[in-house]
Amino acid sequence: SLPCMARHDRAARTQISEEAGVSCALGDELARQNDIDAAHIAYALSNERPAPYAFNSRLCLVGADHKKFPRTYVAPRAVHLSEIFESAALGSNSQAQMAALLPYKLLLAGALAEVGNLRQALAYVESVLKSVRSLDRHCPEVNAARVGALAAQLEDQLHKSLKGKGGRLAGAAAGAA
């Protein structure tokens with residue numbers, strides 16, 4: 001968003017847009033030099049948002065190199081850093097979420113469940129379900145129907161496990177990748 005004084009000032013908007021372009025170009029160069037953390041900081045300064053996985057995406061998860069490690073870039077640390085970025089970017093609206101991060105949060109929920117953190121996993125799943133329900137079904141950033149179905153399946157498994165019935169916990173999350 002633009003600073004309050006510059007909202008209606010076309011010259012200021014142009015300058016901010018040019019500065020964002022410079023930050024983005026800086027991020028591209030830093031990424032080419034394999035300095036992913038610095039590149040992601042530059043992208044954040046240019047208002048670049050996490051995007052769904054694609055080789056040409058600039059940023060999928062903060063602190064993770066999806067181009068160099070396409071099969072293993074999803075890690076708890078990267079999801080947590082992306083959540084911090086999401087919180088900073090979206091401000092005080094605690095209900096808002098970046099749709100592109102929802103599948104990663106679901107994967108993290110599955111990983112948490114696998115290591116026995118069932119309540120924390122359930123909190124993630126419930127958050128994902130709440131966000132998916134508020135999304136447009138044709139959201140280009142995420143397949144809301146698929147993520148919602150997988151989250152509902154994992155939620156059911158977590159409730160059963162918390163009641164002591166056991167069952168496979170990671171099966172639902174594995175399909176979200």
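Listed here is the closest heavy atom pair of Pro103 and Val147: CG-CG2, 3.9 Å. What you find for Glu48 and Cys24 is that their closest heavy atoms are OE1-SG, 3.9 Å. For Leu158 against Ala121, the heavy-atom pair with the smallest separation is CD1-C, 3.8 Å. Listed here is the closest heavy atom pair of Ser46 and Ser23: CB-CB, 3.7 Å. Considering every non-hydrogen atom in both Val132 and Ala144, the closest pair reads CG1-O, 3.3 Å. When all heavy atoms of Gly27 and Ala39 are compared, the closest pair comes out as O-CB, 3.3 Å.
Note: Ile41 CD1 to Phe85 CZ = 11.0 Å, rounded to the nearest 0.5 Å. One distance of note links CG of Asp35 with NE2 of His40; it measures 10.0 Å at 0.5 Å rounding. Of the inter-residue distances, the one linking Leu122 atom CG with Gln157 atom CD reads 12.0 Å to the nearest 0.5 angstrom. Between the CG atom in Leu102 and the CG atom in Leu107 there is a gap of 11.5 Å [rounded to 0.5 Å]. Atom-to-atom distance recorded for Arg119:CZ and Leu162:CG is 5.0 Å, nearest 0.5 angstrom. Taking CG of Leu154 as the start and CD of Glu126 as the end, the distance is 10.5 Å to the nearest 0.5 Å.
Using a 4.5 Å cut-off on side-chain heavy atoms (C-beta onward), Val142 and Pro52 make no contact. The closest side-chain heavy-atom distance from Glu155 to Leu129 is below 4.5 Å. His80 has its side chain within reach of Leu108: a pair of non-hydrogen atoms, C-beta onward, lies under 4.5 Å apart. Looking at heavy atoms from C-beta onward, Leu26 lies out of side-chain contact with Tyr43 at the 4.5 angstrom threshold.
Side chain of His66 to main chain of Tyr73: no donor-acceptor pair is present (N/O by atom type, distance under 3.5 Å, no hydrogens or angles). When atom types are taken as modelled, the side chain of Asn143 and the backbone of Arg146 share a donor-acceptor pair closer than 3.5 angstrom. The backbone N or O of Glu83 sits nowhere less than 3.5 Å from a side-chain atom of Ser87 that would complete a donor-acceptor pair. Ser82 places no side-chain N or O within 3.5 Å of a backbone atom of Pro50 that could act as its donor or acceptor partner. In this structure, Asp65 contributes its side chain and Lys68 its backbone to a donor-acceptor pair below 3.5 Å. Judged by distance alone, the side chain of Glu86 and the main-chain N or O of Met98 form a donor-acceptor pair under 3.5 Å.
Using a cutoff of 4.0 Å between basic side-chain nitrogens and carboxylate oxygens, Lys160 and Asp156 are scored as salt-bridged.
If you chain together hydrophobic residues whose side chains sit under 4.5 Å apart, Val115 and Leu118 never meet in one group. Leu90 and Leu61 end up in the same hydrophobic cluster when Ile, Leu, Val, Met, Phe, Trp and Tyr side chains are linked at under 4.5 Å.
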Using the rule given for side chain to side chain contact (heavy atoms under 4.5 Å, CB included), can you reason through Leu106 versus Tyr124, listing the C-alpha separation, both sets of side-chain angles and the distance that settles it, and then say yes or no?
CA-CA 7 Å; Leu106 187 57; Tyr124 267 97; over 6 Å; no
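Heavy-atom neighbours of Arg71 CZ from other residues, nucleotides or ligands within 6.0 Å: at or below the threshold of 12.
Tested against Val62 for a side chain to side chain contact (heavy atoms under 4.5 Å, CB included), the candidates Leu101, Leu81, Ile84, Asp37 yield a single pass: Leu81.
Side chains of Lys105 and Gln97: a donor on one and an acceptor on the other come within 3.5 Å. Judged purely by distance below 3.5 Å, without hydrogens or angles, the side chains of Tyr104 and Tyr53 never pair a donor atom with an acceptor atom.
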